[in-house]
Structures are given as C-alpha cells and as structure tokens.
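Right, one structure below, let's go through it.
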Amino acid sequence: MTALNGEDAFKIACSQDVNLVITDQMMPGIDGTELCYRLRHNHATETLPIIMLTAKDDADTEIASIRSGADVFMPKPFNMRKLELHIVQLLQRRKAMEQNVRISTIAESIEVEEALTGDEELMKRVVSLINSNMYLEDFNVTRLCELLCMDQKQLYRKLKQLTGETPVGFIRKQRMRRAALLLKQDRFTIAEVMYQIGFSSQSYFTKSFMKEYGVAPKDYSESVTNS
C-alpha cells in the first residue's frame, strides 16, 4: 500500500492490515518524524516496525528520527539489498514479539499481579468479555468489537499480532477451553457444558471440541474421570 503524504499514511496504517512502514522523512503535510511519532502513540499501530528513508544525512535528523520511534534510519541513496535485510529482520523480530510468553499467559488467565502493558490490558479485556458472554449463542466478533469500542480490522490485526489467532478462532478457543475445564469438574452433562459456552448444536460442539483437543467431549470427560 502506498500514500502520497504522512496524513494518508497514518490513516492507512490505522485502518488496514499493515505489517511494516517505510516512510520518507520529507513529505508534504506532516513529515516522516511526525508520522513516526503518531504511529508510536496510537494503540493500533504502536508496535509497527518503521524504516525511515531520508536525503538529510546528518546527526540531528537521525537523532530526531530515532526519538520519534523509527527502528531503522537509512540515508539516501540506500542499498536495496540492505533495505531488504532490514525488512526481514524487523518482521522476524515482530513475529517473535507476537509469540511473547506473557501474552500467552494473559490469553489463558486474566490474573496478573504486576502492571500491564497496553497489549496485555487489551488481552485482559478481550478474555474477560469473552468469558462473561460466551454463554450467549449469538455472541460473536461484531458484539465483541462493540463492547471493546474497536474497529473489526483493528481487533483482527491486534489479535493476529498478539496470539496468532483470528478473532473468530480466538473466541472459539476460549469457549473450548471453558468446556474442557467444566468437563474436568465431572459435575455437568455434556449438554449442560455445551449450553454454558453458547452452543445449541451438539454435533457442532463435538466437531469444534475435537478440532481443539483431538477427542470427542464424551471421551475427554471419561479419560479425565478415570485418570
């Protein structure tokens, strides 16, 4: 995706599924430094890797770029191979961040004693809202976005970044996790468990559970009871 100025670039980054930003330093309207600053101070774009290209090869410009949040500063003319390597390394680094253990912990339990980062706080809200509404059969991504006051594209990008799951997949995974916990208690029938997590079709519930755990709910319940 391309933009003719910084304002348009910021709008695209906030509304589209962007993985990395390459910006010029000198642009009409807001310059690259201001664009970096805005991206870094916006919840939906704060973790985007940013490469700054500029014809102003001086220390002050480089320092300003770094302070504004640019990950890489490249003066013109630049070597295309070097740019490609920077892109690969930044995307690999971002992928590693997406698999962060703390985010995985938040996805499984909302109890965290220490102060939370913005991403952790978002995951806490997402998990809490899913857990408190999953008994509703019609609870879906649209309703989750309404409760979060988030755009669906923003939620998709954030969940994909932080968990590797789409919103639909993440809601289903949380429902299956709750089902497994209830079955372990050996206090509810499979039908009761199914209704508690918002399923009305036993065949669909069984199919979804098998996809997540590899066994049918009945077999899972019996194996837990006998172990």
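Just the heavy atoms: all of them, side chains too, but no hydrogens, waters or symmetry mates, feed the values below. Note that the structure is a prediction, hence the values are computed from the model and not measured.
Side-chain contact between P49 and R93: absent, with no pair of heavy atoms (C-beta onward) separated by less than 4.5 Å. L90 is not listed as a side-chain neighbour of I87, based on a closest heavy-atom distance of 4.5 Å or more. L91 is listed as a side-chain neighbour of N19, based on a closest heavy-atom distance under 4.5 Å. Counting heavy atoms from C-beta outward, Q154 and L148 have side chains that stay 4.5 Å or more apart. R40 is listed as a side-chain neighbour of I50, based on a closest heavy-atom distance under 4.5 Å. No side-chain heavy atom of F188 sits under 4.5 Å from any side-chain heavy atom of L183. Annotation: side chain of F205 is in contact with side chain of M176 (closest heavy-atom distance under 4.5 Å). Considering only heavy atoms from C-beta on, M123 stays 4.5 Å or farther from E120 through its side chain.
Grouping the Ile, Leu, Val, Met, Phe, Trp and Tyr side chains by contacts below 4.5 angstrom, directly or via other members, places M210 apart from V193. Under a hydrophobic-cluster definition in which Ile, Leu, Val, Met, Phe, Trp and Tyr are linked whenever side-chain heavy atoms come within less than 4.5 Å, directly or via other members, M74 and I63 are assigned to different clusters. A continuous path of Ile, Leu, Val, Met, Phe, Trp and Tyr side chains, each step under 4.5 Å between heavy atoms, connects F170 with Y204, placing both in one hydrophobic cluster.
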Between Y156 and V141, does the side chain to side chain contact (heavy atoms under 4.5 Å, CB included) criterion hold? Intermediate values first, please. CA-CA 9 Å; Y156 179 94; V141 176; over 6 Å; no
Does the side chain to side chain contact (heavy atoms under 4.5 Å, CB included) test come out yes or no for V127 and L129, once each step is laid out? CA-CA 6 Å; V127 173; L129 286 170; over 6 Å; no
Run the side chain to side chain contact (heavy atoms under 4.5 Å, CB included) test on K56 and K76 for me, step by step, so that the C-alpha distance in whole Å, both residues' side-chain angles and the decisive distance to 0.1 Å come before the verdict. CA-CA 8 Å; K56 298 175 67 176; K76 298 178 181 179; over 6 Å; no
Step by step, would you call K158 with L122 a side chain to side chain contact (heavy atoms under 4.5 Å, CB included)? CA-CA 9 Å; K158 268 296 178 183; L122 174 62; 3.9 Å; yes
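Between atom CG of residue D151 and atom OG of residue S15 there is a gap of 8.0 Å, rounded to the nearest 0.5 Å. Note that the CG atom of N140 and the CZ atom of R172 stand 13.5 Å from one another [nearest 0.5 Å]. With rounding to the nearest 0.5 angstrom, the CD atom of Q152 is 4.0 Å from the OG1 atom of T142. Rounding to the nearest 0.5 Å places NZ of K160 at 12.5 Å from CG of L155. Atom-to-atom distance recorded for K184:NZ and S221:OG is 11.5 Å, nearest 0.5 angstrom.
No more than 12 heavy atoms of other residues, nucleotides or ligands lie within 6.0 Å of CE in M80, so this atom counts as exposed by the packing criterion. At most 12 non-hydrogen atoms from other residues, nucleotides or ligands lie less than 6.0 angstrom from CG of L4.
Looking only at distances, a side-chain donor or acceptor of S68 sits under 3.5 Å from a matching main-chain atom of S65. Looking at T163, its side chain does come within 3.5 Å of a backbone N or O of L159 through a donor-acceptor pair. T45 places no side-chain N or O within 3.5 Å of a backbone atom of L48 that could act as its donor or acceptor partner. A donor-acceptor pair is defined here as one N or O able to donate and one able to accept, closer than 3.5 Å; no such pair exists between the side chain of D24 and the backbone of M27. For the pair E34 (side chain) and D31 (backbone), a donor-acceptor distance under 3.5 Å is absent.
The six-membered or imidazole ring of F209 lies near that of Y220, with a centre-to-centre distance under 6.0 Å.
Considering all non-hydrogen atoms of both residues, Y135 and S132 come closest at CE2-O, 3.3 Å. Annotation for I22 and L83: closest pair CD1-CD1, 4.5 Å, computed over non-hydrogen atoms. Minimum heavy-atom separation, A70 to M52: CB-CB, 4.1 Å. Closest of all the heavy-atom pairs between Q161 and T47 is NE2-OG1, 2.7 Å. Across every non-hydrogen atom of S208 and F199, the tightest pair is OG-CE2, 3.8 Å. Contact record, C14 with N42: SG-ND2, 3.4 Å, taken as the closest heavy-atom pair.
Listed by first and then second residue, the salt bridge (Lys or Arg N to Asp or Glu O under 4.0 Å) pairs that reach into residues 5-19 are E7-R38, sequence neighbours excluded. Within the structure, ring-ring contact (aromatic ring centres under 6.0 Å, His included) pairs that include any residue of residues 37-81 comprise Y37-H41 (at least two apart or interchain).
In summary, of the residues considered (K207, K173, R175, R177), a side-chain hydrogen bond (donor to acceptor under 3.5 Å, both in side chains) with E212 occurs for K173 alone.
Between D119 and K124 no salt bridge is recorded (no basic side-chain N to carboxylate O distance below 4.0 Å).
Checking Q25 against T61 by side-chain atom types alone, no donor-acceptor pair falls below 3.5 Å.
For R178, the side-chain contact (heavy atoms from CB on, under 4.5 Å) test picks out N131, M134, L182, I197, with sequence neighbours left out.
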